[in-house]
Amino acid sequence: MSDDKLRERDVTPQAMYLNRRAFLRGGLIAAGAAATAVAYRKINGVDLLSSDMPEIKDLGRPLDPQYHPDETTTAHAAITNYNNFYEFTTDKDGVAAASAGFKTDGWKVEVGGLVNKPRTFDMDDIRRLAPREERIYRFRCVEAWSMVIPWAGYSLSKLLAAVEPQSGAKFVAMETLFDPTRMPNQKSKVLDWPYVEGYRLDEAMHPLCLLATGLYGQELPPQDGAPLRIAIPWKYGFKNIKSIVKITLTATQPPTTWAKFGPSEYGFYGNVNPAHDHPRWSQATERRIGEAGRRKTLPFNGYANEVAMLYAGMDLDVNY
Ligand code: MTE
């Protein structure tokens, strides 16, 4: 390879990265401006117009442009002050305050079940396993609101490959920490604790399924699922389990928190599907946080080209 080619390879990703950084900053300002013009609001007393952007660190490196939808990223203040994290409170505007002192020192993730190399990872192991990438994903809650979030992390497939799934493994079950002294709303019975989620192994191995440890170039804050969570952009928000301590590969479909809570309302799959309404929320449209009006919801949240083949031949009205 000639020197010229080498230089080109070295320089181009860096330039793309800087451009994207500028785009991110522009996105924040644009989101703020849209909010002033039409739907100005504070979330949790935090002014969405304030320059709340934390210092951007080089947490993730850019990957393929397919991971960066050409959409305005949601304001950092909204992503970190409008949350669902029932272990702390059911009040979306209250999660940031209720989780503020949550300590993740010494965090461990036990990965086992039908694997050849079961292993307990600490956060240094997790960070060392693969380079972090930045992925800008659409995020769609079944409550019909949405955001665009710049995550940092790597494909869950990298962690799963490291433990070598056995041929009998068909599903991946995950669990959030259970510790009512640190997650005070676990003293209530609002959900069955610990929060559990699950995916088919092929869904979990899909490159879009992200093991996220950061957002907006920072480590994940407690309210967004520190120190590690799933970001699976073609599924509703409830499938994005936070503060994971256990991952188990299984032969059979594992129970999931929201399907246990309301089996007629929440299925195992939780794929974004504008044609299948939730009994309480139409799924045809969504409110993008920071915007006025509503957007049409897209099948698989706009990721159909990447993931629809995982569900070929399945009746998505039955498997919701
Ligand atoms: N994970 C745990 N452990 N506990 C929760 O209450 N809520 C889910 C999901 N993961 C939840 C969770 C729901 S309903 C949504 S919409 C998303 O987290 C919200 O993620 P966010 O607060 O980062 O936007």
Side-chain angles (χ1 to χ4, degrees), residues 43-44 73-100 102 104 107 109 135 137-153 173-180 182-186 188-199 209-216 218-247 255-262 265-267 270-272 278 280-281 283 286-290 297 301:
I43 290 184
N44 199 16
T73 50
T74 301
H76 178 264
I79 297 172
T80 56
N81 286 281
Y82 189 78
N83 301 99
N84 276 329
F85 203 168
Y86 280 26
E87 285 84 341
F88 292 100
T89 169
T90 54
D91 169 14
K92 288 190 216 330
D93 293 357
V95 180
S99 65
F102 183 61
T104 59
W107 196 271
V109 190
R135 307 268 188 100
Y137 281 170
R138 287 179 286 273
F139 180 90
R140 170 64 159 79
C141 179
V142 75
E143 296 162 343
W145 52 266
S146 65
M147 298 188 183
V148 178
I149 304 182
W151 300 108
M174 297 201 186
E175 260 182 57
T176 294
L177 174 71
F178 178 69
D179 183 351
R182 291 157 74 197
M183 295 181 146
N185 207 37
Q186 287 179 330
S188 82
K189 299 237 179 304
V190 61
L191 288 177
D192 236 3
W193 310 113
Y195 194 103
V196 289
E197 254 312 330
Y199 317 92
C209 181
L210 192 72
L211 188 64
T213 49
L215 67 81
Y216 259 117
Q218 304 270 304
E219 299 297 335
L220 274 183
Q223 61 269 38
D224 288 284
L228 84 169
R229 67 172 290 163
I230 292 297
I232 187 159
W234 72 94
K235 293 181 179 282
Y236 292 119
F238 66 87
K239 298 292 297 181
N240 295 241
I241 185 171
K242 297 176 166 182
S243 304
I244 300 160
V245 290
K246 194 166 179 194
I247 299 178
T256 57
T257 287
W258 286 98
K260 283 196 286 179
F261 175 86
E265 299 192 7
Y266 305 95
N271 291 323
V272 174
H278 181 279
R280 280 176 283 143
W281 303 285
Q283 298 303 325
E286 65 200 53
R287 177 172 63 92
R288 177 69 54 85
I289 301 295
T297 291
N301 203 22

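Remember, it's 1-based here, ligands and their atoms both numbered in the order they're listed.
Asn84 O, 3.3 Å is the protein heavy atom nearest to atom 7 (N) of ligand 1. Protein heavy atom at the shortest distance from atom 10 (N) of ligand 1 is Asn240 O, 2.8 Å. Here the heavy atom of the protein found nearest to atom 21 (P) of ligand 1 is Lys242 NZ, 3.4 Å. When hydrogens are left out, the protein atom nearest atom 6 (O) of ligand 1 is Tyr86 N, 2.8 Å; that is the closest non-hydrogen contact. Counting only heavy atoms of the protein, atom 17 (C) of ligand 1 lies nearest to Gly237 O, 3.5 Å.
A side-chain donor-acceptor contact under 3.5 Å links Gln186 to the backbone of Asp179. A side-chain donor-acceptor contact under 3.5 Å links Gln283 to the backbone of Trp281.
Remark: among candidates Tyr195, Trp145, Phe85, the nearest residue to atom 8 (C) of ligand 1 is Tyr195, based on non-hydrogen atoms.
Taking CG from Asp91 and CZ from Phe85, the interatomic distance works out to 15.0 Å, rounded to the nearest 0.5 Å. Rounding to the nearest 0.5 Å places CG of Leu177 at 14.0 Å from NZ of Lys242. Going from atom CD1 of Ile149 over to atom OG1 of Thr74 covers 6.5 Å, rounded to the nearest 0.5 Å.
When each atom of ligand 1 is checked for a heavy atom of Phe139 under 4.0 Å away, the hits are 17 (C), 19 (C), 20 (O), 24 (O). Residue-ligand proximity, Thr176 to ligand 1, at heavy-atom distances under 4.0 Å covers atoms 3 (N). Counting the atoms of ligand 1 from 1 in the order shown, those under 4.0 Å from a heavy atom of Asn83 are 21 (P), 22 (O), 23 (O).
For Glu87, a nitrogen or oxygen atom sits less than 3.5 Å from a nitrogen or oxygen atom of ligand 1, counting backbone and side chain alike.
Listed by chain and number, the residues in a side-chain hydrogen bond (donor to acceptor under 3.5 Å, both in side chains) with Trp145 are Glu143 (sequence neighbours excluded).
Under a 4.0 angstrom heavy-atom cut-off, Tyr236 registers as lying outside contact with ligand 1. Ligand 1 has Arg229 within reach: a non-hydrogen atom of the residue lies less than 4.0 Å from it.
Ring to ring, Phe102 and Phe88 are close: their centroids are under 6.0 angstrom apart.
Between Trp258 and Tyr266, the angle of the ring planes lies from 30° to 60°, which puts this pair in the tilted group.
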